[in-house]
Amino acid sequence: MIIIKSDREIEFMRKSGHIVATVLHELESLLCPGVTTRELDQCAEKQLSRLGAESPFKGYRPTRSHVPFPGVTCMSVNSEIVHGVPSDRQLAEGDILTIDCGAVYKGWMTDSAWTFPIGEVSDDTHDLLDATRTALYASIESARSGNRTGDIAETMQRAVEDRGYNVIRHHTSHGIGRNLHEDPQILNHGRAKSGPILKPGMTIALEPMVLAGHYDTQVMNDQWTVSARDGHLTAHFEHTIAITDDDADILTRINCNGGI
Ligand code: MG
Ligand code: MG
């Protein structure tokens with residue numbers, strides 16, 4: 001069931017989204033060779049608490065047989081595409097790190113991810129990041145009242161494939177609000193003019209997950225980390241947005257120098 005949020009509810013989500021953006025911005029300033037993903041995750045936990053929020057990820061358990069997710073953020077390095085578990089792994093010059101962060105503020109959730117270069121990275125790596133970011137903003141442009149979820153899916157897939165990359169098949173964009181994952185589920189690939197119609201007040205997290213190689217992925221032994229099966233680089237950008245009568249309203253963006 002798709003839930004339409006009131007203006008007041010969207011304002012709570014905007015506050016939640018501002019917290020997520022603030023935490024990501026803070027973590028970006030700490031990125032350097034040698035820092036561990038666990039240290040970054042611990043910083044995120046402190047920042048969320050300072051800002052009056054909690055993580056919707058920590059302890060998350062999609063099924064009873066799953067190990068609860070141990071981190072506040074997902075930290076995915078290089079060929080790890082989503083759901084990376086924070087660890088004592090030290091980042092190295094030339095790595096890329098996806099930080100996926102959520103917040104629960106007064107019961108309202110938002111979700112955002114960004115892939116960051118660590119120090120100097122290759123031109124090919126910059127191109128992958130640029131293509132993924134471009135696919136996110138193209139899909140946000142297609143997220144307009146009256147369009148359908150398939151319009152977003154086709155836009156995202158085309159934006160990625162036009163740049164010579166592949167988009168993930170087994171993970172999707174999603175509705176969000178009181179719960180981290182709500183209807184509608186939005187595939188990152190598909191056909192225009194299919195799926196539910198977008199209406200003002202719908203809140204969704206759009207998240208192209210992009211692979212430089214084949215789109216096959218595998219879940220690692222920790223039960224969480226999803227990696228490219230062929231070991232090639234991956235990138236992931238995500239914003240939580242609200243559908244309006246006009247352009248989509250990006251709830252997880254902060255407007256400042258270097259802001260995402
Ligand atoms: Mg996310
Ligand atoms: Mg998400």
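One is the number of the first residue; the rest follow in order along the sequence. Keep in mind the model is a prediction, meaning the values are calculated, not measured. Note that ligands are numbered from 1 as they come in the structure, with each ligand's atoms numbered from 1 the same way.
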- [ ] Rounded to the nearest 10 degrees, what's the angle OD2 of Asp100 makes with OD1 of Asp111 at the Mg ion (ligand 1)? Could you check?
- [x]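 My answer is 140°, to the nearest 10°.
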
- [ ] Measure the shortest side-chain to side-chain distance between Ile140 and Ile250 over non-hydrogen atoms and say whether it is less than 4.5 angstrom.
- [x]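 In short, these two side chains touch, coming nearer than 4.5 Å.
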
Task: Min side-chain heavy-atom separation Arg178-Trp108 under 4.5 Å - done: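 Of all side-chain heavy-atom pairs linking Trp108 with Arg178, at least one is under 4.5 Å.
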
Task: Backbone or side-chain N/O/S of His174 under 2.8 Å of the Mg ion (ligand 2) - done: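 Yes, His174 qualifies, because one of its backbone or side-chain N, O or S atoms lies under 2.8 Å.
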
- [ ] Of all N, O or S atoms in Glu238, identify the one at the shortest distance from the Mg ion (ligand 2).
- [x]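 When I compare the N, O and S atoms of Glu238, OE2 is nearest to the Mg ion (ligand 2).
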
- [ ] Output the atom name for the N/O/S atom of Glu207 with the smallest distance to the Mg ion (ligand 2).
- [x]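 Glu207's closest N, O or S atom to the Mg ion (ligand 2) is named OE2.
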
TODO: State whether a side-chain donor-acceptor pair under 3.5 Å links Thr115 with Thr98.
DONE: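 Yes, side-chain donor-acceptor contact under 3.5 Å.
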
Open item on the list: Do Asp111 and His174 pair up side chain to side chain, a donor and an acceptor below 3.5 Å, judged on atom types alone?
Closed with: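 Side-chain D/A pair, Asp111 to His174: present.
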
